Amino acid sequence: MASIMLSDVTVDIPIFGVSSRNAKGTLLRHLKRSVDYDTVWIRALDGVDLTLKDGDRIGLIGPNGAGKSTLLRVMGGILTPTAGYVQSSGDIATMFDLGLGMSYDATGRENIMIRGMLLGHSRDEMVSKAAEITEFADLGDRIDHPVRTYSSGMVARLSFSISTAIEPEILLLDEGIGTADAQFTARAKERLNEFMLRAGILVLASHSDAMLEEFCDQALVLDRGRVTFLGPVGAALRHYHASREAQ
Amino acid sequence: MSATAITPGSPPEVKHPISVALSDIRAGWQRRQLWWMIAYQDLIAQYRRSRIGPFWITIQMSAFVLGISVVYAGLFRQDFTTFLPYVAIGFLVWGLISTSVVDSTKAYFGQAGYIRSTSLPLSIYSYRTVASHVWTFAHNVVPVVILLVLLRVVPSPWAIILTPLGVIAIVLNAFFVCLWLGPVCARYRDIAPFVASAMQLMMFITPVFWMVDSLPSRAAVIWNPFAYFLEAVRAPLLNEPVRPFVWLVIISITIVNGFVALVLFGRNRRWIAYWVG
């Protein structure tokens with residue numbers, strides 16, 4: 001059973017200035033016993049309470065800088081909250097950067113292994129998935145050539161195929177995957193649907209109303225780190241657009 | 001990742017830094033296929049850029065060793081054929097020690113992309129850094145072994161145990177240094193250049209290419225931790241006795257280094273993703 005629970009989660013992100021970035025500056029400040037004016041703390045999340053269980057598909061809505069990515073990172077266990085706590089159970093796959101771990105000197109097949117293992121799979125699992133990934137990416141024999149010899153479309157197809165081949169219990173997606181790819185065919189769309197439906201819990205941060213309505217049933221609206229609305233996706237989008245127009 | 005039951009409303013107990021560090025190190029070890037593969041890819045990438053790959057570094061090192069040996073054997077009035085293996089082994093071991101320390105400063109700082117988008121155990125970045133050094137070391141060993149055979153250097157029978165143990169001690173300490181120094185260097189950006197220049201200075205203070213007996217004072221050897229690791233690996237290969245005191249110091253350093261690594265890594269772990277950004 002997959003679940004994530006956030007209790008009164010607050011995240012303050014330090015933005016270091018030149019002297020607080022350096023050991024010398026920090027040491028001098030301690031010697032002078034002065035206050036650290038050089039570090040600015042940004043409150044990225046402010047008292048977020050949320051419980052997700054198996055079958056939940058939730059969208060994150062909010063303008064840039066509202067805390068969507070920070071919330072995903074907290075859920076994924078990448079950022080530890082500065083106050084409050086997170087408890088989760090189940091395999092979590094975080095997909096914020098499709099090209100992560102893509103080595104251009106390595107072959108497509110080697111990249112399947114690396115990327116798959118980065119997403120938490122074993123080598124053997126990826127070996128057994130390699131044929132299917134190659135077929136979907138439509139790479140044929142080129143899979144054993146270095147990725148640097150691929151066209152940009154081939155690279156995009158490969159990374160999309162690898163990322164959607166895994167079966168996580170909890171899937172955290174930033175900005176939907178593959179939406180930036182112009183060659184987004186019906187076949188790819190179908191694969192993406194299946195991939196998202198397989199996950200026990202889906203959390204999707206997106207600016208696309210269509211995408212949110214298609215994949216999520218609940219949505220959470222964030223504004224400067226605070227949850228301003230949590231409910232059905234249609235109502236959440238209406239709330240979000242109304243509050244944007246009001247400003 | 002094991003499933004743990006959730007009791008709503010009860011905050012998780014705060015774990016001691018050492019237990020935080022140990023569970024991360026254990027989880028990182030379970031992912032050994034991943035970091036070993038990434039380190040192997042780094043190596044393969046070097047081979048793809050040139051046919052002989054990391055042996056370029058080996059050739060560079062060999063040329064340096066040869067040049068230094070000619071000059072210093074003359075300066076110190078040493079027999080060239082006994083001096084050459086001394087310097088060759090010295091340089092091989094120093095290369096491992098110095099790159100281990102210097103590269104540990106980049107172990108986390110250079111990996112922001114991975115650290116901020118995956119929830120992998122953070123110790124894998126230390127494992128990966130150390131694994132890369134082991135690969136490079138394996139390449140550099142080749143010409144040194146050839147040299148020892150050609151010059152008919154007869155190692156002590158103990159070398160078969162003591163020399164590998166010395167190398168293992170260096171690798172283990174390199175891993176610990178990565179764990180505590182790596183995250184600190186992600187937080188304070190002026191430490192890395194300081195470490196790099198300090199290690200350059202240490203190369204001259206450590207008996208890499210000069211003999212201890214040539215100096216009137218032994219201070220540079222007694223107070224220099226690196227000198228002990230060097231002696232532990234080199235002396236048996238040259239059929240010289242290793243003082244038990246050397247291993248006593250190495251074991252003490254390893255214990256202290258390991259303790260510092262567990263405490264600091266355990267305390268800093270939760271901040272690493274904030275610091276690398």
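Order of the sequence lines sets the chain letters (A, B, ...), proteins ahead of strands, with each chain counted from 1. Keep in mind the model is a prediction, meaning the values are calculated, not measured.
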Item checked: Charged tip of B:R187 within 45° of B:Y108 ring normal and under 6.0 Å ->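 So B:R187 doesn't make the cation-pi contact.
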Check: Should B:F175 and B:H133 be marked as a ring pair (Phe, Tyr, Trp, His ring centres under 6.0 Å) after you check the CA-CA gap, both sets of side-chain angles, and the distance that decides it?
Finding: CA-CA 11 Å; B:F175 177 64; B:H133 299 147; over 10 Å; no
Side chain, backbone, both or neither: which part of [X] has a heavy atom under 4.5 Å from chain B?
X: A:F16; value: side chain
X: A:T26; value: side chain
X: A:E110; value: both
X: A:R123; value: both
X: A:D12; value: backbone

Do you know which of [options] has the most heavy-atom pairs under 4.5 Å to chain B?
options: A:L172, A:L119, A:T82; answer: A:T82
options: A:I13, A:L72, A:I15, A:T80; answer: A:T80
options: A:G77, A:A106, A:S69, A:S7; answer: A:A106

Notebook entry, point to check: Is the backbone of A:K53 close enough, under 3.5 Å, to the side chain of A:D56 for a donor and an acceptor to pair up by distance?
Noted result: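 Indeed, once roles are kept as given, a pair shorter than 3.5 Å links the two residues.
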Margin query: Determine whether a donor-acceptor pair (N or O, by modelled atom type, separation under 3.5 Å) exists between the side chain of B:S98 and the backbone of B:M199.
Written below: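 Here the side-chain-to-backbone pair does not exist.
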Need one label for [X]: side chain, backbone, both or neither, based on atoms under 4.5 Å from any heavy atom in chain A.
X: B:I272; result: neither
X: B:L120; result: side chain
X: B:A186; result: backbone
X: B:Q33; result: both

Do [X] and [Y] have side-chain atoms, one donor and one acceptor, less than 3.5 Å apart?
X: B:N268; Y: B:W275; result: no
X: A:D144; Y: A:T107; result: no
X: B:S119; Y: A:T94; result: no

Notebook entry, point to check: B:W271 and B:Y274: ring pair (Phe, Tyr, Trp, His ring centres under 6.0 Å), yes or no, with the steps?
Noted result: CA-CA 5 Å; B:W271 291 107; B:Y274 290 88; 5.1 Å; yes
